[in-house]
A.B. asks: 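After the structure tokens below, expect a handful of questions from me.
So you know, we letter chains A, B, ... as the sequences are listed, proteins then strands, and number each from 1.
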Protein chains: 2
Amino acid sequence: MDELDSAILAELQTDARQTNRELARRLGVAPSTALERVRALERRDVIRGYHADVSLAALHRGVQAMISVQVRPLHRQVIDSFQDFVATLPEVLSIFVLAGNDDFLLHVAVQDLDRLHAFLVDRLAKRKEVTGFKTSVIYRHTHSTAISALKSIET
Amino acid sequence: MDELDSAILAELQTDARQTNRELARRLGVAPSTALERVRALERRDVIRGYHADVSLAALHRGVQAMISVQVRPLHRQVIDSFQDFVATLPEVLSIFVLAGNDDFLLHVAVQDLDRLHAFLVDRLAKRKEVTGFKTSVIYRHTHSTAISALKSIET
DNA sequence: ATTGAAATCCACTTGTA
DNA sequence: TACAAGTGGATTTCAAT
């Protein structure tokens with residue numbers, strides 16, 4: 001992981017479909033060098049995959065929400081099986097397992113508020129291990145486009 | 001947006017770097033057809049971009065947290081300027097603007113708990129508009145790999 | 001809108017240092 | 001490890017349906 005690797009990651013996070021020649025040109029190295037570096041990053045699982053970013057509105061999922069969930073008892077088996085359950089629900093984009101008061105945070109996207117309500121009542125509330133949840137509608141959501149390595153500052 | 005478009009989106013969300021020929025083969029259409037569809041989806045901003053998924057651990061960001069933040073007064077100018085501020089911070093992966101008790105939810109990734117503490121104390125707490133925040137460390141985070149269109153069920 | 005074919009461009013391998 | 005050149009294969013354009 002040197003500066004060239006970091007630069008490659010920054011480029012591919014921004015645009016994963018640029019050609020290897022384009023990538024090499026931007027980095028100022030030979031295409032074969034860039035290709036070998038990218039392959040190595042893939043092999044080491046530094047790059048885990050390449051994904052298209054698709055508009056939620058285009059998929060009829062204009063309404064997003066964050067749902068914090070408490071489950072009881074807090075046993076591994078309960079936690080894992082609840083996580084497996086929510087992972088199968090098409091409304092769920094992302095699952096966070098948390099420390100603190102809330103045990104899970106679910107990022108969901110649905111067509112409208114009626115569907116959100118239906119999701120909460122028909123899916124979540126039906127689970128016996130769910131002892132409480134709180135829903136916050138999301139007005140906006142933004143991503144950082146390129147995540148770079150944080151410097152280790154020795155003091 | 002027909003079934004072919006949906007299938008293309010599912011494929012490219014799963015693997016954005018597969019070749020156009022491979023994509024066409026899976027869909028059972030000619031490569032030129034697949035290419036034209038993809039271009040159209042890009043033009044209509046259904047596909048917003050293609051991004052490499054990079055391991056946070058490899059970037060020395062093994063510790064993730066969710067931070068719920070309250071800001072006051074709740075004026076547009078305050079909300080927007082706070083959002084602009086946090087968007088510049090390298091620790092911040094994602095920003096949610098919420099309805100309800102909390103105004104913002106920040107998904108952050110840092111090297112260790114010391115850096116998390118430093119972020120909270122040196123960055124967040126210094127802002128005058130921030131009247132409170134609550135931090136939850138993230139044990140696990142999983143994504144749904146392919147987000148598909150939710151059916152509109154007419155009743 | 002979809003296709004097949006032609007032309008251009010690129011990925012990937014090999015050879016070299 | 002990096003590079004340059006060559007080959008096979010892919011992308012892209014275009015005329016036709």
Side-chain angles (χ1 to χ4, degrees), chain A residues 1-62 145-152, chain B residues 1-61 145-152 154:
Chain A
M1 275 293 299
D2 57 6
E3 280 177 25
L4 184 55
D5 285 331
S6 296
I8 288 173
L9 294 178
E11 280 297 332
L12 292 181
Q13 281 182 88
T14 306
D15 179 8
R17 290 207 81 166
Q18 60 186 298
T19 66
N20 183 61
R21 294 177 95 87
E22 175 71 9
L23 179 65
R25 197 188 57 72
R26 287 182 198 235
L27 302 172
V29 297
S32 46
T33 304
L35 191 63
E36 167 53 29
R37 290 292 195 122
V38 171
R39 293 289 180 258
L41 289 167
E42 287 170 351
R43 251 180 280 120
R44 287 155 51 204
D45 260 320
V46 176
I47 296 176
R48 288 167 149 172
Y50 305 94
H51 305 287
D53 176 19
V54 176
S55 156
L56 288 172
L59 298 175
H60 309 294
R61 289 170 173 244
T145 43
I147 304 157
S148 53
L150 288 185
K151 291 257 164 53
S152 319
Chain B
M1 275 294 299
D2 56 6
E3 280 177 26
L4 184 54
D5 285 329
S6 295
I8 288 173
L9 294 178
E11 281 296 332
L12 293 181
Q13 281 181 92
T14 304
D15 179 8
R17 291 206 82 168
Q18 61 186 297
T19 66
N20 184 59
R21 292 178 96 86
E22 175 71 10
L23 179 64
R25 197 188 57 73
R26 288 181 198 236
L27 302 172
V29 297
S32 45
T33 304
L35 190 63
E36 167 53 29
R37 289 294 194 121
V38 171
R39 294 288 180 258
L41 289 167
E42 288 169 350
R43 250 181 281 119
R44 287 154 51 202
D45 259 320
V46 176
I47 295 176
R48 287 167 150 172
Y50 305 94
H51 306 287
D53 176 18
V54 176
S55 156
L56 288 173
L59 298 175
H60 306 108
R61 288 170 174 245
T145 42
I147 305 157
S148 54
L150 288 184
K151 292 258 161 56
S152 319
E154 346 279 78

A.B. asks: dG8(D) P sits how many Å from Arg21(B) CZ, rounded?
C.D. replies: 15 Å
A.B. asks: I need the Ile147(A) CD1 to Arg61(B) CZ distance, nearest 0.5 Å.
C.D. replies: 6.5 Å
A.B. asks: Calculate the interatomic distance between Glu22(B) atom CD and dG9(D) atom P; express it in whole Å.
C.D. replies: 15 Å
A.B. asks: Atom CG of Asn20(B) and atom P of dG9(D): how far apart are they, to the nearest Å?
C.D. replies: 17 Å
A.B. asks: For a quick test of reading the model: is some side-chain N or O of Arg39(B) closer than 4.0 Å to OP1 or OP2 of dT12(D)?
C.D. replies: yes
A.B. asks: Which nucleotide sits closest to the side chain of Val29(A): dT12(D), dC12(C), dC3(D)?
C.D. replies: dC3(D)
A.B. asks: Backbone N or O of Val54(A) within a donor-acceptor pair of the Gln13(B) side chain at under 3.5 Å?
C.D. replies: no
A.B. asks: Starting from P on dA10(D), measure out to CZ on Arg17(A) and report it in whole angstrom.
C.D. replies: 14 Å
A.B. asks: Check whether any side-chain nitrogen or oxygen of Arg37(A) sits under 4.0 Å from OP1 or OP2 of dA2(D), and answer yes or no.
C.D. replies: yes
A.B. asks: Can you measure Glu3(B) atom CD to dA1(C) atom P for me and round it to whole angstrom units?
C.D. replies: 18 Å
A.B. asks: Looking at Asp5(A), is its backbone amide N or carbonyl O close enough to the side chain of Asp2(A) to form a donor-acceptor pair, meaning the two atoms are under 3.5 Å apart?
C.D. replies: yes
A.B. asks: Can you check the Glu36(B) CD to dA1(C) P distance for me, whole Å?
C.D. replies: 7 Å
A.B. asks: What contact category does Thr33(B) fall into here, base, sugar-phosphate, or nothing, at under 4.0 angstrom with non-hydrogen atoms?
C.D. replies: base
A.B. asks: Ignoring the backbone of Thr19(B), work out which of dT11(D), dC12(C), dC10(C) is nearest its side chain.
C.D. replies: dT11(D)
A.B. asks: Side chain of Ala30(A) only, please: which of dC12(C), dG4(C), dC3(D) is the nearest?
C.D. replies: dC3(D)
A.B. asks: Without decimals, in angstroms, what is the distance between Leu35(B) CG and dG4(C) P?
C.D. replies: 15 Å
A.B. asks: Rounded to the Å, how far apart are Gln18(B) CD and dA10(D) P?
C.D. replies: 13 Å
A.B. asks: Does Asn20(A) reach the main-chain N or O of Pro31(A) with its side chain, forming a donor-acceptor pair under 3.5 Å?
C.D. replies: yes
A.B. asks: Are Leu9(A) and Met1(A) packed together at the side-chain level, in the sense that at least one heavy-atom pair is separated by less than 4.5 angstrom?
C.D. replies: yes
